[in-house]
Student: 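My structure is below; once you've seen it, I'll send some questions.
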Number of protein chains: 2
Amino acid sequence: MRRAVADVSAPSNAWEPTGGSSEGNPRAAEILRESAKLFAANGYDGTSVQDIASAVGIKKASIYHFFSDKAEIHSTIVLASITRLTALVHEKVQGRMTACDKAEAFARAHAQHISESAPFYFTAALGYNEIADPNAKAKVQRMRDGYEETLRGIIREGIENGEFRELDVKLAARAIISCLNWMARWWRPNGPETAESIASNYVKLIIRGFLP
Amino acid sequence: MRRAVADVSAPSNAWEPTGGSSEGNPRAAEILRESAKLFAANGYDGTSVQDIASAVGIKKASIYHFFSDKAEIHSTIVLASITRLTALVHEKVQGRMTACDKAEAFARAHAQHISESAPFYFTAALGYNEIADPNAKAKVQRMRDGYEETLRGIIREGIENGEFRELDVKLAARAIISCLNWMARWWRPNGPETAESIASNYVKLIIRGFLP
DNA sequence: GTCGATATCTATCGATCGGTAGGTTGCAAG
DNA sequence: CTTGCAACCTACCGATCGATAGATATCGAC
């Protein structure tokens with residue numbers, strides 16, 4: 001069966017996916033890019049290795065020269081996405097900012113990743129718990145936990161310095177992340193609003209409920 | 001491939017799924033219940049008709065006596081879920097309540113549906129845009145739109161009567177619904193918190209940002 | 001010019017899947 | 001006692017899928 005999951009037109013990625021067998025190999029990187037587009041559009045099971053090969057313009061067997069199996073392609077994409085996401089968050093959230101500004105920077109970093117790497121992000125967001133390989137799955141889980149913990153730390157900081165009232169940190173972080181994650185289900189690059197402005201507005205709205 | 005999507009132990013449904021070929025047929029209803037469990041746990045493509053038949057305790061071909069194909073089983077489940085959800089919302093949100101109370105009742109109705117029909121809800125929430133049949137898909141889309149519009153109406157009401165400040169109604173409704181929908185990705189019936197209390201706390205937190 | 005590594009190909013396998021054809025059983029109505 | 005139909009069965013088909021085996025092509029190093 002071939003079911004449409006998302007209609008995604010991919011921008012070219014400025015960053016290079018790392019890890020797996022793709023390290024510095026342009027053809028492997030191309031396979032990852034095309035696979036991400038197809039996974040995002042049709043889902044993992046809705047994408048055959050033949051589909052990927054056709055998109056790249058090579059034969060199916062050639063795929064197996066670069067990746068040991070289909071699952072490795074998928075887990076490499078998911079890992080690359082979460083790696084890039086956490087890197088962006090660490091890059092944007094730092095230094096002397098208020099907790100409010102940090103929370104907004106956090107959301108903007110997330111949104112930047114969405115818009116600059118939509119196919120990778122959609123593949124990861126919609127299928128990050130569908131990873132077969134236990135090692136890769138554990139690594140992704142650890143990175144997602146660290147990512148969520150970063151936001152919790154920002155909120156805790158805001159409570160400690162009096163910017164925010166006493167509140168349930170876990171719930172508050174989860175609310176913001178839920179909004180960001182759910183964007184993968186409805187936001188599309190060609191839509192009227194940029195991902196960054198939506199994410200920023202989400203945080204501004206929700207953070208008002210954090211104030212004393 | 002068989003990938004785990006969710007670990008769901010299903011409570012028995014108090015309500016009867018309607019529509020499709022299941023109308024009042026206990027065996028058809030059983031097929032729907034078992035299918036919902038499997039779809040929620042392994043996804044649509046991760047569930048074979050043979051899996052469903054085994055779970056019910058009959059042979060594969062017998063499934064086709066009650067449903068014309070696998071897609072019909074799926075769309076019947078999704079339709080039943082969204083139908084039940086909107087019915088619950090209409091039942092709980094009515095009469096002379098403040099907009100705040102209505103919003104919380106809205107979220108509680110959503111959460112009640114999650115906890116009383118977890119397999120149906122997970123199947124619908126994770127795969128409602130994977131419906132093949134255009135008619136069913138349009139119907140589901142219409143019901144989801146109406147459901148979201150109900151929440152927008154509540155928020156607009158709150159703005160008009162002064163409970164809430166002027167705010168972006170679309171964004172605000174989407175924030176709440178994002179939190180509720182994302183619960184399908186992490187909340188499990190056996191967890192420490194009830195779906196109702198989580199949903200209620202989400203709304204209480206976010207709604208503080210709505211106040212003047 | 002030869003060798004070896006990398007990249008790609010053709011051809012095919014075994015398994016699984018959704019779905020169908022057509023027979024069998026059991027029971028209720030006449 | 002027979003007819004008819006719902007419910008279920010056995011057996012099978014055609015298509016597709018992920019993956020493999022093994023041949024070929026390209027090209028830089030020596």
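In what follows, every chain begins at residue 1, and chains take the letters A, B, ... in the order their sequences are listed.
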Student: With a 4.0 Å limit, can you tell me whether B:H65 has a side-chain N or O closer than that to the phosphate oxygens OP1/OP2 of D:dA7?
Tutor: yes
Student: For D:dA7, does either OP1 or OP2 sit under 4.0 Å from a side-chain N or O belonging to B:N25?
Tutor: yes
Student: For the pair B:Y44 and B:H74, name the ring-plane relationship: parallel under 30°, tilted 30 to 60°, perpendicular over 60°.
Tutor: perpendicular
Student: What is the distance from CD1 of B:I63 to P of D:dC8, rounded to the nearest Å?
Tutor: 10 Å
Student: Rounded to whole Å, please give me the gap between CG in B:D51 and C1' in C:dC17.
Tutor: 11 Å
Student: Pick the nucleotide of DNA chain D nearest each of B:A61 and A:K60; which residue has the one closer to the 5' end?
Tutor: B:A61
Student: OP1 or OP2 of D:dA6 versus the side-chain N and O atoms of B:R27: is any pair under 4.0 Å?
Tutor: no
Student: Applying the side-chain hydrogen bond (donor to acceptor under 3.5 Å, both in side chains) criterion to B:Y147, which one of B:H90, B:H110, B:R142 satisfies it?
Tutor: B:H110
Student: Over how many whole Å does the gap from B:D45 atom CG to C:dC17 atom P extend?
Tutor: 11 Å
Student: With a distance cut-off below 6.0 Å to the six-membered ring centre and an angular limit of 45° from the axis, does B:R174 pair with A:Y202 as a cation-pi contact?
Tutor: no
Student: When you measure from the side-chain N and O atoms of A:K70 to the phosphate of D:dG18, is any distance below 4.0 Å, counting only OP1 and OP2?
Tutor: yes
Student: Between C:dA7 and A:S62, is there an OP1 or OP2 to side-chain N/O distance shorter than 4.0 Å?
Tutor: no
Student: With under 30° as parallel and over 60° as perpendicular, where do the rings of A:W182 and B:W182 fit, or are they tilted in between?
Tutor: perpendicular
